[in-house]
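Please read these numbers as outputs of a predicted model, since none were measured by experiment. Counting starts at 1 for both ligands and their atoms, following the listed order.
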Amino acid sequence: MKKALITGITGQDGSYLTEYLLELGYTVHGVVRRASSLNRERIESMIGNESIYGRTLFLHYGDLTDSSALNRILEKVQPDEVYNLAAQSHVGISFQMPEYTADVNALGVVRLLDALRDTGLAGKCRFYQAGTSEMFGSGAPPQNEDTPFLPRSPYAASKLCAHWMVVNCREAYGLHASNGILFNHESPRRGENFVTRKITLGAAAIKLGLSDSLVLGNLESGRDWGHARDYVKAMHAMLQQDSPGDYVVATGETHTVREFLDEAFGYLDLDWRNYVKTDQRFMRPTEVDFLRGDATKARRLLGWRPETRFDGLVREMVDADLELLSNTKRRI
Ligand code: NAP
Ligand code: GDD
């Protein structure tokens, strides 16, 4: 039975990856941060299940800013695979917290890679780094593994540092370390301050009479949006290859924020133009205008393909938010 360690297990991707690895028969260990209130909603169904929690799923307190804790956890768990998903993952907020973003997203990876070497795991354990299409920034689409990186935010710059640290560890020490260059992926578990979830929650609230407007930023940017459930399978597949590598994971289809609004509000028979306002506070000092990924390499070498299409993704998210708000009557 293989053992995986996941940082960022409480996040969107961490929760889907945990479900997937447990289904495959893995034992999963997750790193969780201390917070004043517990933040385990996305993995609650698993930690509330006595046949899983404490048997095939374990949690450990740690933080990417705390190298001694990372060392202790690695020493104790002795994982076969490490998935580094933990990050300050909000691009907009990274402009307000560049130092913290770099500390977690860039130095955090340095700490983890060093810890793998210090604990003697570097030769035995495989490593996945959650890289991002944001690193392409203003690079011309369609973006693939050969597209130059032109980062446009502190978030993207921090992830680019992590990317090259992984490449260097691979080349210098032979570590089986791979960079996933994942394009945007969403789900009903997406954080509420990312644009897709903001829209599906906002549309559901308006439909239920719990809100009468939605305030957004730039409606013109284009993103290649897929489903997180599909994307975590590519992460796992990368670590099953004989050799490590870097892979773009994307659908190859781009939609603007405006088109996302069309799809979400249209599904509820609403015209978003009657409700959506824009405000400067949600605009970024530098924006990534257009992303479209070319995942040919992942298709060819990993056999990976996205299973969920854009309209299915949006509808699944809207349905989930309708249900959530109907049950809680939460005003947003
Ligand atoms: P997410 O929902 O924001 O989850 C981030 C996770 O990181 C959470 O579990 C969070 O813990 C944890 N975390 C944050 N700071 C930490 C720290 N200092 N120490 C330890 N854990 C920390 O992000 P996601 O959408 O699942 O994305 C997963 C990873 O993929 C991230 O690295 C992100 O940058 C990258 N990525 C995401 C996408 C996408 O479209 N979703 C695309 C490309 C790359 P709390 O729950 O305690 O906050
Ligand atoms: N968050 C947010 N909130 N974005 C808005 C809003 C708003 O109110 N209004 C418009 N947008 C625009 C942003 O300016 C951006 O162009 C686009 O919607 C998508 O924004 P986000 O949903 O915040 O995602 P992102 O593309 O910046 O970053 C996500 O994808 C990256 C992969 O490309 C995050 O998941 C990153 O962690 C990930 O690396």
Side-chain angles (χ1 to χ4, degrees), residues 6-18 30-35 37-43 60-66 69-70 83-94 100-101 103-105 107-109 111-112 128-137 143 151-153 155-156 158-159 162 179-187 189-199 202 214-228 231-232 235 248-250 255-258 260-261 276-279 281-291 293:
I6 303 178
T7 72
I9 192 169
T10 52
Q12 172 188 254
D13 292 6
S15 66
Y16 282 108
L17 181 63
T18 302
V31 178
V32 291
R33 299 197 283 177
R34 194 268 158 183
S37 52
L38 279 186
N39 169 20
R40 312 267 160 90
E41 296 86 4
R42 297 184 179 103
I43 53 170
H60 308 265
Y61 277 105
D63 196 298
L64 282 197
T65 59
D66 180 348
L70 295 175
Y83 295 86
N84 181 38
L85 309 185
Q88 190 304 87
S89 70
H90 200 286
V91 176
I93 293 171
S94 78
Y100 176 73
T101 302
D103 193 8
V104 176
N105 298 5
L107 286 182
V109 178
R111 292 183 187 106
L112 254 184
Y128 172 83
Q129 165 58 17
T132 163
S133 50
E134 275 290 307
M135 298 187 301
F136 293 125
Q143 292 99 357
R152 298 270 290 164
S153 64
Y155 169 80
S158 70
K159 285 285 185 174
N179 287 300
I181 307 176
L182 272 54
F183 282 61
N184 297 51
H185 44 279
E186 319 294 312
S187 73
R189 299 181 198 170
R190 184 55 140 159
E192 293 182 13
N193 57 358
F194 294 91
V195 77
T196 55
R197 186 74 199 288
K198 235 177 121 171
I199 293 172
L214 173 63
V215 185
L216 297 174
N218 178 14
L219 307 186
E220 310 309 329
S221 55
R223 290 290 183 274
D224 178 332
W225 276 299
H227 198 303
Y231 284 43
V232 300
M235 299 176 187
V248 159
V249 178
H255 295 273
T256 60
V257 173
R258 216 173 257 283
F260 198 103
L261 284 163
V276 172
K277 300 171 192 153
T278 56
D279 191 302
R281 95 191 124 106
F282 295 114
M283 307 281 184
R284 293 165 187 183
T286 42
E287 176 64 284
V288 170
D289 296 323
F290 191 93
L291 292 171

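Contact detail for V104 and A87: the closest heavy-atom pair is CG1-CA, 4.0 Å.
The nearest heavy-atom contact from the protein to atom 4 (O) of ligand 1 is G11 CA, 3.4 Å. In terms of protein heavy-atom proximity, atom 39 (C) of ligand 1 is closest to H185 CE1, 3.3 Å. Nearest protein heavy-atom contact of atom 2 (O) of ligand 1 is Q12 N, 3.0 Å. Distance from atom 31 (C) of ligand 1 to its nearest protein heavy atom, with residue and atom name: L85 O, 3.1 Å. Closest to atom 3 (O) of ligand 1, if we only count protein heavy atoms, is S89 OG, 2.7 Å. Of all protein heavy atoms, the one closest to atom 21 (N) of ligand 1 is A86 CB, 3.3 Å.
Counting heavy atoms closer than 4.0 Å to ligand 1, residue Y100 contributes side-chain atoms (C-beta onward) but none from N, CA, C or O. For V195, heavy-atom contacts with ligand 2 shorter than 4.0 Å involve the backbone as well as the side chain. With a 4.0 Å heavy-atom cut-off, ligand 2 is reached by no atom of L219. Under 4.0 angstrom from ligand 1, the non-hydrogen atoms of R33 all belong to its side chain. Counting heavy atoms under 4.0 Å from ligand 2, residue M283 does not touch it at all. Residue-level proximity to ligand 2 for V257 is carried by the side chain, the only part with a heavy atom below 4.0 angstrom. Residue contacts with ligand 1 for E134 are absent, since no atom lies close enough (heavy atoms, distance under 4.0 Å). Looking at S89 against ligand 2, both its backbone and its side chain come within 4.0 Å, counting heavy atoms. When heavy-atom distances to ligand 1 are checked against a 4.0 Å cut-off, D13 comes that close through both its backbone and its side chain.
Of the possible polar contacts, none joining the R258 side chain to the E220 backbone as a donor-acceptor pair under 3.5 Å is found. Side-chain atoms of K159 do not come within 3.5 Å of backbone N or O of S133 as any donor-acceptor pair. Looking only at distances, a side-chain donor or acceptor of N105 sits under 3.5 Å from a matching main-chain atom of Q88. Judged purely by atom type and a 3.5 angstrom limit, R190 has no side-chain atom pairing as donor or acceptor with the backbone of Q12.
Using a 4.0 Å cutoff on heavy atoms, K159 counts as a contact of ligand 1. Using a 4.0 Å heavy-atom cutoff, V104 is listed among the residues neighbouring ligand 1. Ligand 1 is approached by G131 to a heavy-atom distance shorter than 4.0 Å. Proximity of Y155 to ligand 1 is established by a heavy-atom distance of less than 4.0 Å. Residue contacts with ligand 2: H90 is included, with a non-hydrogen atom under 4.0 Å away. A heavy-atom separation below 4.0 Å is found between R190 and ligand 1. Distances from ligand 1 to the non-hydrogen atoms of T7 include no value under 4.0 Å. Within the 4.0 Å heavy-atom cutoff, W225 does not count among the residues contacting ligand 1. Residue R190 places a heavy atom under 4.0 Å from ligand 2.
Heavy-atom contacts of D63 reach the following atoms of ligand 1: 17 (C), 18 (N), 19 (N), 20 (C) (cutoff under 4.0 Å). Short contacts between ligand 2 and G217, defined as distances under 4.0 Å to a heavy atom of the residue, involve ligand atoms 6 (C), 8 (O), 9 (N), 10 (C). Atoms of ligand 1 found under 4.0 Å from any heavy atom of N39, numbered from 1 in the order shown, are 45 (P), 46 (O), 47 (O), 48 (O).
Considering each of Y155, F260, W225, F183, the one bringing a non-hydrogen atom nearest atom 39 (O) of ligand 2 is Y155.
In terms of N/O distances under 3.5 Å, ligand 2 is approached by S221. Between R223 and ligand 2, an N or O atom pair is found at a separation short of 3.5 Å.
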